[in-house]
Asker: 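So that we are looking at the same thing, I have put the structure below in structure tokens.
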2 protein chains.
Amino acid sequence: MIPSQLAEVTRERVLRAAGEVFAERGFRDATVRDICGKAGVNVASVNYYFRNKEALYCEALSFAFEEAEERYPFDCPEGEGVTPAERLRHFIRNFLMRLLDDTHLGWHGKLITREILSPTAALVPIVDSIMKPRFDAVRRIVIQLVPHPLDDDSLERCVLSIFGQCLVYRHARSVIDQMRPQIVAGPEDREATAEHVFRFVLAALTHLPPTPGT
Amino acid sequence: MIPSQLAEVTRERVLRAAGEVFAERGFRDATVRDICGKAGVNVASVNYYFRNKEALYCEALSFAFEEAEERYPFDCPEGEGVTPAERLRHFIRNFLMRLLDDTHLGWHGKLITREILSPTAALVPIVDSIMKPRFDAVRRIVIQLVPHPLDDDSLERCVLSIFGQCLVYRHARSVIDQMRPQIVAGPEDREATAEHVFRFVLAALTHLPPTPGT
DNA sequence: GATGCTATTAAACATTCGTTTGAAACGCAA
DNA sequence: TTGCGTTTCAAACGAATGTTTAATAGCATC
């Protein structure tokens, strides 16, 4: 019952290996034998430290989010001196880099992408605690940049247009790699991509025509 | 060896059931027993008509694309009298409606989404034969709408910005449904969404600033 | 050193699933 | 009807996998 220091390190080894394998192969195709093999522990460990494979998955998902939050902190500057355009640029770059990071925590982006596509019960708290605040922040930026009032649905669709332009680089990565890999290959390419999305969104928001109906 | 008429109908029943189940549960979670149960045939049928589960999956994928192409034909009008903006609107609406159709061929959108995320060998010919021409068509539209020359990478990123804004409504559907379902609920909402994406893209392309470097 | 709790291990269990098999049913021409 | 090729079926096989068990080893405390 009382976990020792040694137990915690093997527990985290399993968690880390689980994140990688789940991200690479998905929940079903990832076997506990693969995970434990990668972690260098016995298969019974997953049942000893976590209840079963599903509970391990839930913990791995939370763990991935905590690590990603630590590495790419949200911290969208809301200070007085920062223009809405600057906040937009900061957000897009931050979000895109987190999605495309394949080196250290490469599995975070893949993991959450799989979860969004085939949602489990584990997604609900993540949407509420992590995605909703992010949507709210972008919503405030959009309102400040569009030169005329927006109804709620149009506002929401603008936010989705922004997220969509970032997410496509992760979601359609296999297609991009097959058609034009150089635009996300190196760090400087990713910076250029972030800059493009920012310019594209800024041009759209500041020149968006008012909806005829309103 | 000589397939009878009766054999073809059961073959297609299996193919259709396979498309639905594969789209709903993914390749691994879909069992041939489920598929055959839904089709009302014996489990041995998948081995008799197709070689095995994987071959069935490949055929189901092609089948879904053929049906979708039939229902939402590409036919981007390239005629003289059609403005680039009109072609853009047509493309976006067509693409979005196909992605969001959940009634008749609802599985097409889910199926290709799964395939893009976890690509198999079956994706390569689809990218070449279906996606590449689509990218080319959008590329031509973008060139005509942006008021200054674009380098290849910027052009490609513009195309991805357009696709991303459409794809997000399918890829992030679970999140949208949890946060603001009304924007994709009914057919008129989907029309409004298509119109939004069109206006957003048009505003961006026609007001995109030239890249400083070029 | 003895004791009691924690951690690890190899082996086995039970289930699921893709695939195969061999026979029965069916359709159709001679 | 008889015979033959095609299609369907129930049953079983074999492999993979999540989970459990029972025994062993490690480690701190007295």
Side-chain angles (χ1 to χ4, degrees), chain A residues 1-63 111 114-115 118 120-122, chain B residues 1-63 111 114-115 118 120-122:
Chain A
M1 280 297 170
I2 298 165
S4 75
Q5 199 179 357
L6 201 69
E8 273 307 305
V9 32
T10 71
R11 198 188 129 95
E12 191 173 314
R13 272 230 308 279
V14 176
L15 218 45
R16 226 171 264 276
E20 291 183 44
V21 180
F22 280 137
E24 204 55 47
R25 303 204 230 276
F27 178 76
R28 191 66 191 289
D29 279 332
T31 72
V32 303
R33 281 174 175 81
D34 273 348
I35 293 171
C36 292
K38 186 160 214 157
V41 302
N42 191 271
V43 285
S45 302
V46 42
N47 215 269
Y48 180 76
Y49 286 107
F50 315 88
R51 206 163 19 116
N52 49 27
K53 188 185 177 184
E54 196 176 333
L56 169 61
Y57 175 78
C58 289
E59 288 220 38
L61 202 65
S62 311
F63 184 71
L111 209 51
R114 288 188 185 279
E115 181 60 31
S118 317
T120 69
Chain B
M1 280 296 173
I2 299 165
S4 75
Q5 201 178 358
L6 201 71
E8 274 306 305
V9 32
T10 69
R11 198 189 129 94
E12 190 171 315
R13 271 230 308 279
V14 176
L15 217 44
R16 227 172 263 277
E20 290 183 45
V21 179
F22 279 137
E24 204 55 46
R25 305 206 230 274
F27 177 76
R28 192 66 190 291
D29 279 331
T31 72
V32 305
R33 282 175 174 81
D34 274 348
I35 293 170
C36 292
K38 186 160 217 158
V41 301
N42 191 270
V43 285
S45 303
V46 43
N47 216 269
Y48 181 75
Y49 285 106
F50 315 88
R51 205 163 19 115
N52 49 29
K53 186 186 178 184
E54 196 176 332
L56 169 62
Y57 175 77
C58 289
E59 286 219 38
L61 202 65
S62 309
F63 184 71
L111 209 51
R114 288 189 184 278
E115 182 59 33
S118 316
T120 70

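What you are looking at is a predicted structure, and each value in this text was computed from that prediction instead of being measured. Side-chain atoms are counted along with the backbone in the values below, which use heavy atoms only and exclude waters and symmetry mates. Residue numbering restarts at 1 for every chain, and letters A, B, ... go by the order of the sequence lines.
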Asker: Starting at CZ of B/Arg51 and ending at P of C/dT20, how long is that distance when rounded to a whole Å?
Answerer: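 Distance check: B/Arg51 CZ to C/dT20 P gives 10 Å.
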Asker: Do A/Arg25 and A/Asp34 have side chains that get closer than 4.5 Å, going by heavy atoms?
Answerer: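 A/Arg25 vs A/Asp34: side chains touch.
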Asker: Below 4.5 Å, heavy atoms only, C-beta onward: do B/Lys53 and B/Phe27 meet side chain to side chain?
Answerer: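 The answer is yes; the side chains approach within 4.5 Å.
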Asker: Could you tell me the separation between the CG atom of A/Asn42 and the P atom of C/dT9, rounded to a whole number of Å?
Answerer: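 That distance rounds to 5 Å.
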Asker: Under 4.5 Å between any side-chain heavy atoms of B/Ile35 and B/Val41, yes or no?
Answerer: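 Sidechains of B/Val41 and B/Ile35: no contact.
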Asker: For A/Phe22 and A/Tyr57, take the angle between the two ring planes, folded into 0 to 90°, and tell me which bin it lands in: parallel under 30, tilted 30 to 60, perpendicular over 60.
Answerer: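 A/Phe22 and A/Tyr57: perpendicular rings.
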Asker: Starting from C1' on D/dA23, measure out to OH on A/Tyr48 and report it in whole angstrom.
Answerer: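 Going from OH in A/Tyr48 over to C1' in D/dA23 covers 15 Å.
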Asker: Using only atom types and a distance under 3.5 Å, with no angle test, would you say the side chain of B/Arg11 pairs donor to acceptor with the backbone of B/Ser45?
Answerer: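 Side chain of B/Arg11 to backbone of B/Ser45: no pair is present.
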Asker: Using a cut-off of less than 4.0 Å, is there contact between a side-chain N or O of A/Asn47 and OP1 or OP2 of D/dT20?
Answerer: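 Yes, within the criterion.
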Asker: Rounded off to whole Å, could you give me the NZ-to-C1' distance for the A/Lys53 and D/dA16 pair?
Answerer: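 Answer to the nearest Å: 11 Å.
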Asker: For residues 27-40 of chain A, which residues have at least one heavy atom under 4.0 Å from DNA chain D?
Answerer: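 By residue number: A/Ala30, A/Thr31, A/Val32, A/Arg33.
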Asker: Find the distance B/Asn52:CG to C/dT21:P and express it as a whole number of Å.
Answerer: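 Rounded to the whole Å, the gap is 14 Å.
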Asker: Is B/Thr10 close enough to D/dT8 that one of its side-chain N or O atoms is under 4.0 Å from OP1 or OP2 there?
Answerer: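 Yes, such a contact exists.
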Asker: Check this for me, if you would: do B/Glu20 and B/Arg16 make a salt bridge, where the nitrogen-to-carboxylate-oxygen distance has to be below 4.0 angstrom?
Answerer: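 No, no charged N to carboxylate O under 4.0 Å.
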Asker: Quick one: A/Arg11 CZ to C/dT8 P, roughly how many Å, whole number?
Answerer: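 Result: 12 Å.
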Asker: Check the phosphate of D/dT7 against B/Tyr49, side-chain N and O only, distance under 4.0 Å to OP1 or OP2. Yes or no?
Answerer: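 For D/dT7, neither OP1 nor OP2 has a side-chain N or O of B/Tyr49 closer than 4.0 Å.
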Asker: C/dA7 C1' sits how many Å from A/Glu12 CD, rounded?
Answerer: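 Computing the A/Glu12:CD to C/dA7:C1' distance gives 17 Å.
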